[in-house]
Amino acid sequence: MNKLSKFCFTAVSVLAFLPVFGQEQVPMADQLRSEGKIYVVVIMILIVLAGLIFYLFLMDQKVKKLEKLVSEKKKQTK
């Protein structure tokens, strides 16, 4: 299977099951929403996601730097 067919299969699978997940009422979410605490939960999730994205960005920069060093090292040895 090539990448496009895997992506299409995954997209169709996710879209097919989305209505199933939206049918239930979650009492905890309703209670948090009614008390206004849902915003604290959302903010915490966003902070964690922002931290992960920032960390991945830094790791990408470090990997690029190391790749550049390795390629320069290979050029010097030839």
Side-chain angles (χ1 to χ4, degrees):
M1 282 180 108
N2 61 10
K3 289 183 181 180
L4 181 62
S5 62
K6 286 182 183 179
F7 175 76
C8 289
F9 177 74
T10 304
V12 168
S13 298
V14 168
L15 291 175
F17 289 106
L18 275 178
V20 174
F21 296 121
Q23 299 298 320
E24 293 182 26
Q25 292 292 331
V26 182
M28 182 180 66
D30 291 336
Q31 181 182 0
L32 287 173
R33 195 176 302 116
S34 69
E35 295 175 0
K37 294 180 182 177
I38 193 74
Y39 301 111
V40 175
V41 174
V42 171
I43 289 171
M44 293 306 295
I45 290 171
L46 290 176
I47 288 172
V48 169
L49 285 176
L52 287 173
I53 290 169
F54 182 70
Y55 176 74
L56 288 174
F57 177 75
L58 288 178
M59 293 278 64
D60 184 52
Q61 296 298 318
K62 289 180 181 181
V63 168
K64 285 181 184 178
K65 187 177 178 181
L66 286 172
E67 286 175 344
K68 186 177 177 182
L69 279 170
V70 168
S71 67
E72 288 175 1
K73 199 79 150 168
K74 284 183 181 180
K75 287 180 184 178
Q76 289 177 355
T77 58
K78 288 184 179 182

Open item on the list: Are V40 and L46 linked, directly or through intermediate hydrophobic residues, by side-chain heavy-atom contacts shorter than 4.5 Å (ILVMFWY only)?
Closed with: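 No, it is not one cluster - the side chains of L46 and V40 are not joined through contacts under 4.5 Å.
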Open item on the list: When you group the ILVMFWY residues by side-chain heavy-atom contacts below 4.5 Å and let the links chain together, are L56 and V48 in the same group?
Closed with: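 No: no chain of side-chain contacts under 4.5 Å links V48 to L56.
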Task: Pair listing, salt bridge (charged side-chain N to carboxylate O under 4.0 Å, His left out) test, anchored in residues 45-59, at least two apart - done: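 Non-adjacent pairs meeting salt bridge (charged side-chain N to carboxylate O under 4.0 Å, His left out): zero.
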Open item on the list: I'd like to check the side-chain contact (heavy atoms from CB on, under 4.5 Å) partners of I45; sequence neighbours left out, ordered by chain and number.
Closed with: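 I45 satisfies side-chain contact (heavy atoms from CB on, under 4.5 Å) with V41, L49 only.
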Open item on the list: With rounding to the nearest 0.5 angstrom, report the CD1 to CD1 distance, I43 to I47.
Closed with: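 So the CD1 of I43 and the CD1 of I47 are separated by 7.0 Å.
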Open item on the list: Rounded at 0.5 Å granularity, tell me how far CG in L66 sits from NZ in K73.
Closed with: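 Nearest 0.5 Å value for the CG-NZ distance: 12.5 Å.
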TODO: Not counting sequence neighbours, which residues clear salt bridge (charged side-chain N to carboxylate O under 4.0 Å, His left out) with E35? List them please.
DONE: K37
- [ ] Using salt bridge (charged side-chain N to carboxylate O under 4.0 Å, His left out) as the criterion, list what pairs up with K68, not counting sequence neighbours.
- [x]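 K68 satisfies salt bridge (charged side-chain N to carboxylate O under 4.0 Å, His left out) with no other residue.
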TODO: Could you identify which residues cluster with Y55, counting Ile, Leu, Val, Met, Phe, Trp and Tyr as linked when any side-chain heavy atoms lie under 4.5 Å apart, either directly or through a chain of such contacts?
DONE: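 ILVMFWY cluster around Y55 also holds M59.
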Task: Members besides F54 in its Ile/Leu/Val/Met/Phe/Trp/Tyr cluster (side-chain heavy atoms under 4.5 Å) - done: L58
